[in-house]
Amino acid sequence: MRIGELARRTGVSERMLRYYEQAGLLQPERKESGYRDYGAAQIQAAQRIRMLSAAGLKIETIRILLPCIMDNLPRFEPCREVRAALRYEVDKLDEKLHNLEESRKIVAGFLNDVEGVGCANRRSR
DNA sequence: ATTCTCACA
DNA sequence: TGTGAGGA
């Protein structure tokens, strides 16, 4: 099947399908026309990539996890790099969570400072 | 009608 | 990640 059909059947945009190819996640054949030719197995792969991408994982991590997925469920085979990759992602998320908490505190503090106080600027509320 | 590559107000 | 150009 060509890129358009795969895109329709997986919900992955043609744009991203091409991007995933250059990233090495998908390797469709090429017709004489130059058009990409995806096999039935590619639709499964695309759906899985979509799932992992929705989890916010970067291409590099998806590349490691993709061949270790058993079902289309969040279930992985305990491949060597899988554990490390997931560990890394979770740690990174914890870090982002922490930064957001700090940011929230600061902004909430600003809000608290202005609440109840009149604004000196003209025509502003 | 579709897809391809490349580039970015 | 989207979108449009210019070509096949």
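Each chain gets a letter, A, B and so on, in the order its sequence line appears, and its residues count up from 1.
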Nearest-angstrom distance from the residue atom OH of A:Y19 to C1' of C:dT1: 9 Å
Sugar-phosphate, base or nothing in reach of A:S13, heavy atoms under 4.0 Å: sugar-phosphate
Touch class at under 4.0 angstrom, heavy-atom based, for A:R36 against every strand present: sugar-phosphate
Separation of B:dA7 P from A:R15 CZ (nearest whole Å): 13 Å
Donor-acceptor pair, side chain of A:D37 and main chain of A:R2, under 3.5 angstrom: no
Separation of atom CD in A:Q22 from atom P in C:dT1, rounded to whole Å: 12 Å
Spacing between A:Y38 atom OH and B:dC4 atom C1', to the nearest angstrom: 11 Å
Rounded distance (Å) that lies between atom P of C:dT1 and atom CG of A:L57: 12 Å
Rounded interatomic separation in angstrom, taking CD from A:E29 and P from B:dT3: 18 Å
Nearest to side-chain heavy atoms of A:S53, which nucleotide of B:dT3, C:dT1, B:dC4: C:dT1
Distance in angstrom units between A:K31 NZ and B:dC4 P, rounded: 10 Å
Any side-chain heavy-atom pair of A:R36 and A:R30 under 4.5 Å: yes
Closest listed nucleotide, where the reference is the side chain of A:R2 and the choices are B:dC4, B:dT2, C:dT3: B:dT2
A:E21 and A:R18 ion-paired at < 4.0 Å: no
A:R18 CZ - C:dT3 C1' separation (whole Å): 12 Å
